[in-house]
Trainee: 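What follows is a structure written as structure tokens; I'll ask about it next.
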Amino acid sequence: MATFTLNNQSKLPPTQKLFIDDPYQTSCEATVLHVQDDLVVLDQTVFYAESGGQVADRGSIDGVEVKDVQKQPGKLIYINRPDIEVPVVQVDTVVVHQLTQPAPFEIGQKVRLEIDWSYRHLLMRYHSATHFVLHALDRIYGQEEKLYLKGCYIYDESARLDYSNKFNPDLIPEVTKLTNDLIDRGEDIIMESDPSTKDISYWRYGDIIMPCGGTHVRSAKDIGVVNIRRKSHGKSLDRIYISLT
Ligand SMILES: [Zn+2]
């Protein structure tokens, strides 16, 4: 993950993240607040910055290709919920867009943002699929032992979960079945913001709730069929590969 150093970071207001309210919004207008070489900060954005394992969006700003999107560190928020564990979340963050060329913009200029929708939609399908797999792994293996998720990587062609647990390979077909049975219910996927801040959201499917700041499809019907593979990497790492057909 790249980090961008801005020379007036503290003066910039948090970026309005339009995908929180509507992950299906593909374009918007925004005002340029800061320009630094190939980096641009705007008042609002439809671009998802890399986080929670989901890679950054692709797209363009006034026709100039966006190469990467990252968040600056924000305020740390601790949420205490009795029903689910919520990781420490950074809120009020500034989103930095990196272009493929020096930014040809001036402060105050209005620009048009457009994301690569087919790419984002795939990421949304993969991110939603990943949540079902997380839940199924927990149901199948998590009764016997505590699961230790070490990493999560969501791309447009696959997703991967890294655990320091060793999973019994005989039970992987059960995980696959449970995942697809849940998806086959075809219910709506609901994203709810925490009452304290819009920057913390919960993914809900029936009675399954998970904290998540990513973008998701509206309905399980949009995901497709999930295939799962487990690969052992030494004594203390198992990788779960997720693909969609
Ligand atoms: Zn998530």
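We count ligands from 1, going down the list as the structure has it; atoms in each ligand are counted the same way.
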Trainee: Centroid separation under 6.0 Å, is that true for the rings of H131 and Y205?
Mentor: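 Aromatic pair excluded; centres sit 6.0 Å or further apart.
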
Trainee: Assign the ring pair F167 / Y141 to parallel, tilted or perpendicular, where the plane angle (0 to 90°) is split at 30° and 60°.
Mentor: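 Ring orientation of F167 relative to Y141: tilted.
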
Trainee: Taking both backbone and side chain into account, is any N, O or S atom of H216 nearer than 2.8 Å to the Zn ion (ligand 1)?
Mentor: no

Trainee: To the nearest 10 degrees, how large is the angle at the Zn ion (ligand 1) between C212 SG and H127 NE2?
Mentor: 100°

Trainee: Using a distance threshold of 2.8 Å, state whether an N, O or S atom of C152 lies below it from the Zn ion (ligand 1).
Mentor: no

Trainee: Among R230, K150, R239, K231, which residue meets the salt bridge (charged side-chain N to carboxylate O under 4.0 Å, His left out) test with D162?
Mentor: R239

Trainee: Could you tell me the separation between the OG1 atom of T45 and the NE2 atom of H97, rounded to the nearest 0.5 Å?
Mentor: 3.0 Å

